[in-house]
Amino acid sequence: MTATTNGKARLEQKRRARIRGKAREELRASLAKGYDGGLSIRKLAGPAGLSYGLTRTLLKEAKVTLRTRAPRRGAGEK
């Protein structure tokens with residue numbers, strides 16, 4: 001569906017219900033286990049239907065130590 005705002009068409013997005021309480025605790029634990037097992041934030045977010053940002057937030061809430069980003073190929077090479 002589209003709606004117009006100031007003459008511009010945009011897609012309407014449905015907001016997800018907030019994840020709270022026991023469901024949030026279980027999701028945090030599951031994400032932390034996967035991340036500690038070597039999965040990336042993006043690989044955790046996709047199947048769970050979460051955004052990268054929310055997944056990262058949940059991992060931080062779970063007190064997971066986030067890994068640093070891998071260096072980009074060719075960065076600094078000349």
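Of the residues Leu44, Val64, Leu27, the one that meets the side chain to side chain contact (heavy atoms under 4.5 Å, CB included) test with Leu58 is Leu27.
Here the OG1-CG distance, from Thr65 to Asp36, works out to 8.0 Å after rounding to the nearest 0.5 Å. Taking CG of Leu54 as the start and CZ of Arg18 as the end, the distance is 10.0 Å to the nearest 0.5 Å. For the atom pair CD of Glu25 and OG of Ser30, the computed distance is 13.5 Å after rounding to the nearest 0.5 Å. Between atom OG1 of residue Thr57 and atom CG of residue Leu31 there is a gap of 11.0 Å, rounded to the nearest 0.5 Å.
No more than 12 heavy atoms of other residues, nucleotides or ligands lie within 6.0 Å of CZ in Arg69, so this atom counts as exposed by the packing criterion.
Nearest heavy-atom pair, Ala62 versus Ala32, reported as atom, atom and distance to 0.1 Å: CB-CB, 4.2 Å.
No cation-pi contact links Arg56 to Tyr35, judged by a cut-off of 6.0 Å to the six-membered ring centre and 45° from its axis.
Within the 3.5 Å criterion, the main-chain N or O of Ile19 finds a donor-acceptor partner in the side chain of Arg24.
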